[in-house]
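First comes the structure, then the notes that go with it.
Just so it is clear, the values below take in all heavy atoms, side chains as well, and ignore hydrogens, waters and symmetry mates.
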Amino acid sequence: MHSGCDIDQVYLCQEPVDFRKAINGLSALVEQALELNPFGRALYVFINRQRNKLKVLYWHRNGFCLWLKRLEAEKFAWPKPADGATQTVSLQEFEWLLEGFDLWRNQPHKTLYFKTVS
């Protein structure tokens with residue numbers, strides 16, 4: 001998001017949020033509802049109900065940064081709610097998400113387990 005900003009984790013908030021929330025509301029949500037450290041070396045990613053907007057909150061040295069992306073015609077792929085309030089993805093997976101890839105539909109081939117060759 002910002003050159004010189006070391007990011008270790010990307011947390012996707014699984015439930016849509018009210019996009020009227022800005023830095024104060026989102027940082028409080030990270031700390032209280034998600035029970036994460038808003039000052040950590042992480043991106044906190046939020047989606048709106050229509051799934052056409054993302055907000056990304058992160059701490060950079062001496063202040064919060066808030067980044068927004070709005071899609072004009074498509075929707076973002078988003079994980080189905082599961083255990084926990086967030087889902088963690090890698091920075092590479094987050095970049096793919098921004099490019100429009102659905103990380104949850106693409107699955108590798110099934111692992112096969114054999115006992116013998118004949």
Side-chain angles (χ1 to χ4, degrees):
M1 306 272 58
H2 185 278
S3 60
C5 190
D6 292 326
I7 300 297
D8 295 331
Q9 297 283 335
V10 179
Y11 295 99
L12 306 180
C13 180
Q14 294 196 66
E15 294 294 327
V17 299
D18 180 352
F19 259 44
R20 293 175 290 185
K21 289 185 189 289
I23 288 174
N24 292 343
L26 293 173
S27 60
L29 190 136
V30 168
E31 188 172 60
Q32 296 168 8
L34 305 181
E35 299 179 350
L36 296 169
N37 177 10
F39 304 104
R41 293 170 38 168
L43 300 179
Y44 303 98
V45 185
F46 306 92
I47 196 159
N48 67 340
R49 190 172 306 277
Q50 295 81 20
R51 291 190 8 237
N52 67 335
K53 294 177 191 167
L54 284 180
K55 280 189 177 180
V56 181
L57 177 74
Y58 61 101
W59 178 260
H60 182 255
R61 291 183 349 136
N62 54 8
F64 283 107
C65 300
L66 185 61
W67 186 83
L68 170 77
K69 180 168 184 174
R70 180 183 72 193
L71 296 178
E72 299 301 326
E74 306 261 346
K75 293 185 183 290
F76 288 104
W78 206 249
K80 303 249 187 283
D83 294 338
T86 62
Q87 181 161 341
T88 305
V89 296
S90 69
L91 273 172
Q92 178 65 63
E93 289 170 325
F94 178 60
E95 289 176 18
W96 291 335
L97 184 72
L98 290 175
E99 292 296 326
F101 291 99
D102 187 338
L103 304 176
W104 299 274
R105 285 199 155 178
N106 295 328
Q107 297 177 350
H109 294 125
K110 293 180 183 176
T111 302
L112 303 176
Y113 299 98
F114 295 102
K115 297 216 184 239
T116 63
V117 283
S118 57

Quick one: closest heavy-atom pair of [X] and [Y], and the distance?
{"X": "Q50", "Y": "K75", "result": "O-NZ, 2.9 Å"}
{"X": "P79", "Y": "Q87", "result": "CB-OE1, 3.1 Å"}
{"X": "F76", "Y": "L97", "result": "CD2-O, 3.8 Å"}

| field | Test side-chain contact (heavy atoms from CB on, under 4.5 Å) applied to Y11 and L34, step by step | value | CA-CA 10 Å; Y11 295 99; L34 305 181; 5.9 Å; no
Give a yes or no on whether [X] and [Y] share a hydrophobic cluster (residues Ile, Leu, Val, Met, Phe, Trp, Tyr; joining criterion: side-chain heavy atoms under 4.5 Å apart).
{"X": "V17", "Y": "W67", "value": "no"}
{"X": "V45", "Y": "L68", "value": "no"}
{"X": "L54", "Y": "L43", "value": "yes"}
{"X": "L57", "Y": "I7", "value": "no"}
{"X": "I47", "Y": "V10", "value": "yes"}

For the atom pair [atom1] ([X]) and [atom2] ([Y]), what is the distance rounded to the nearest 0.5 Å?
{"X": "L29", "Y": "L36", "atom1": "CG", "atom2": "CG", "answer": "10.0 Å"}
{"X": "E35", "Y": "T86", "atom1": "CD", "atom2": "OG1", "answer": "10.5 Å"}
{"X": "T88", "Y": "L12", "atom1": "OG1", "atom2": "CG", "answer": "7.5 Å"}
{"X": "W59", "Y": "N37", "atom1": "CH2", "atom2": "CG", "answer": "10.5 Å"}
{"X": "E93", "Y": "L98", "atom1": "CD", "atom2": "CG", "answer": "12.5 Å"}
{"X": "W78", "Y": "C13", "atom1": "CH2", "atom2": "SG", "answer": "7.5 Å"}

| message | Can you confirm whether more than 12 heavy atoms, excluding those of R49, are under 6.0 Å from its CZ atom? | response | no
| field | Other residues, nucleotides, ligands: >12 heavy atoms within 6.0 Å of E74 CD | value | no
Between [X] and [Y] (side chain of the first, backbone of the second, donor and acceptor by atom type, cut-off under 3.5 Å), is there such a pair?
{"X": "R41", "Y": "D8", "value": "no"}
{"X": "K55", "Y": "L66", "value": "no"}
{"X": "N48", "Y": "N52", "value": "yes"}

| message | I'd like to check the salt bridge (charged side-chain N to carboxylate O under 4.0 Å, His left out) partners of E99; sequence neighbours left out, ordered by chain and number. | response | none
| query | Does the ring centre of F46 sit less than 6.0 Å away from the ring centre of F19? | reply | no
| message | With a 4.5 Å cut-off on side-chain heavy atoms, are S27 and F39 touching? | response | no
| field | Check against side-chain contact (heavy atoms from CB on, under 4.5 Å), V56 and Y44 | value | CA-CA 6 Å; V56 181; Y44 303 98; over 6 Å; no
